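Notes follow the structure.
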Amino acid sequence: MTSDSDDSATAVLEELLATRWSCRAFLPDPVPRDEIERVLDVARRTPSWCNTQPWHLHVTSGGRTDDLRAALAAAITEGPSEQPDLPFPGSYDGVYRDRRRASAWQLYESLGIDKGDRAASAQQTLRNFDFFDAPHVAVLTTDRSLGTYGAVDCGLFVNNFLLAAHSRGIASIPQAALATQAPVLRAFFDLPEDRLVVIGISFGYADPDHVVNNYRTDRCTVADVATFVG
């Protein structure tokens, strides 16, 4: 049996999940430090395996964001080779391929990029490495010794970071692309060997007039994601 307060809490969560999106065009305005810390204060409550809390973030602002942009640009002058700390999927097959393609087509259509225009789509991919002009990047790492479950816990933290940011009017985008350049990130942040790069999150304030921020991806139904037994 639920109360009105339960319904209200559910409605807030539903609204956050329904309205959050991955921003691909940011304004240059920085997010105040106290706002960033408030987001982190919410996200730090994320549950983790045996309460290990394996996540750590390096958060850039101002000139250091520009310095990281420059470091990544120098590393991918001949194309972004993939050197992640954690293995990426070997392939996307079946429904995963279909969903991935549908998402990509929505992105390209919003930008007026024709299907098959590999040059334009490659140029858009490179936008990942200038953070879509975001003023901040958070690079999240996990402890090497915690293996798969450390990475799973970090995934929970990422989601809570995204929702907390959205609740404060801060746009964001989680970027696996940044993790492909783990050697650059390791050198830039002087990461110790026991830390593995999981993902980067670019964040700031969305450019409301940019067309790329107007489309939304679809989600599966409950029937697609759950099998009820008994």
Side-chain angles (χ1 to χ4, degrees), residues 8-48 53-69 72 86 103 106-107 110 124 127-142 150-181 185 188-189 195 197-219:
S8 177
T10 300
V12 170
L13 181 57
E14 287 179 334
E15 176 72 10
L16 288 172
L17 286 167
T19 58
R20 195 213 68 81
W21 85 104
S22 290
C23 181
R24 289 181 173 84
F26 292 87
L27 299 173
D29 312 50
V31 177
R33 174 69 173 269
D34 62 336
E35 282 290 292
I36 298 174
E37 291 192 2
R38 184 160 185 183
V39 168
L40 292 171
D41 193 43
V42 173
R44 72 181 176 83
R45 294 179 174 85
T46 298
S48 59
Q53 305 173 68
W55 45 78
H56 187 85
L57 293 92
H58 285 73
V59 183
T60 69
S61 298
R64 290 303 278 163
T65 303
D66 293 331
D67 291 342
L68 182 54
R69 266 193 200 96
L72 288 167
L86 299 171
S103 176
Q106 283 183 280
L107 168 62
S110 75
Q124 178 60 28
R127 288 279 288 150
N128 280 281
F129 303 103
D130 62 18
F131 321 134
F132 304 106
D133 300 325
H136 307 281
V137 177
V139 172
L140 187 148
T141 64
T142 185
V152 169
D153 290 338
C154 286
L156 297 177
F157 183 93
V158 169
N159 188 62
N160 287 336
F161 180 99
L162 301 178
L163 292 179
H166 182 53
S167 76
R168 304 297 300 169
I170 300 167
S172 62
I173 179 169
Q175 293 173 267
L178 299 183
T180 67
Q181 303 304 305
L185 301 177
F188 187 87
F189 295 112
R195 301 303 298 180
V197 174
V198 178
I199 200 168
I201 306 170
S202 295
F203 67 96
Y205 296 112
D207 180 349
D209 298 323
H210 200 294
V211 292
V212 79
N213 285 333
N214 292 330
Y215 81 93
R216 300 291 183 267
T217 53
D218 296 325
R219 293 295 185 272

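Just so we're clear, the structure is a prediction, and the values are computed from it rather than from any experiment. Note: hydrogens, waters and symmetry copies are ignored here, and every other heavy atom, side chains too, is used.
- When every heavy atom of Phe26 is checked against every heavy atom of Ser202, the shortest pair comes out as CZ-O, 3.7 Å.
- Although no hydrogens or angles enter the test, the distance criterion places no donor-acceptor pair under 3.5 Å between the side chain of Arg20 and the main chain of His166.
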Query raised in the report: What do the steps show when you test Asp66 against Arg69 for salt bridge (charged side-chain N to carboxylate O under 4.0 Å, His left out), and what is the final call?
Result: CA-CA 5 Å; Asp66 293 331; Arg69 266 193 200 96; 2.6 Å; yes
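- A side-chain N or O of Arg219 and one of Thr217 form a donor-acceptor pair less than 3.5 Å apart.
- Annotation: side chain of Leu163 is in contact with side chain of Leu17 (closest heavy-atom distance under 4.5 Å).
- What you find for Ile199 and Pro174 is that their closest heavy atoms are CD1-CB, 3.9 Å.
- In terms of modelled atom types and a separation under 3.5 Å, the side chain of Ser110 and the main chain of Val212 share no donor-acceptor contact.
- For CZ of Arg45, the number of neighbouring non-hydrogen atoms (other residues, nucleotides, ligands) closer than 6.0 Å is greater than 12.
- Under the 3.5 Å distance criterion, the side-chain polar atoms of Thr60 are matched with a main-chain donor or acceptor of Val137.
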**Report entry** Check against side chain to side chain contact (heavy atoms under 4.5 Å, CB included), Phe188 and Val139
**Finding:** CA-CA 11 Å; Phe188 187 87; Val139 172; over 6 Å; no
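- Residues Val39 and Phe203 have side chains not in contact (no heavy-atom distance under 4.5 Å, counting atoms from C-beta outward).
- No donor-acceptor pair under 3.5 Å is formed between the side chain of Asn128 and the backbone N or O of Gln175.
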Requested in this report: May I have the step-by-step check of side chain to side chain contact (heavy atoms under 4.5 Å, CB included) for Thr180 and Phe129, ending in yes or no?
Outcome: CA-CA 10 Å; Thr180 67; Phe129 303 103; 4.0 Å; yes
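- Residues Trp55 and Ser48 are in side-chain contact: their nearest non-hydrogen atoms beyond the backbone lie under 4.5 Å apart.
- Side chain of Gln106 to main chain of Arg216: a donor-acceptor pair is present (N/O by atom type, distance under 3.5 Å, no hydrogens or angles).
- Nearest approach of Pro32 to Tyr205, heavy atoms of both residues: CD-OH, 3.4 Å.
- At a threshold of 4.5 Å between non-hydrogen side-chain atoms, the residues Leu178 and Phe131 count as touching.
- The two atoms that bring Ala179 and Val198 nearest to each other are CB-O, 3.6 Å, heavy atoms only.
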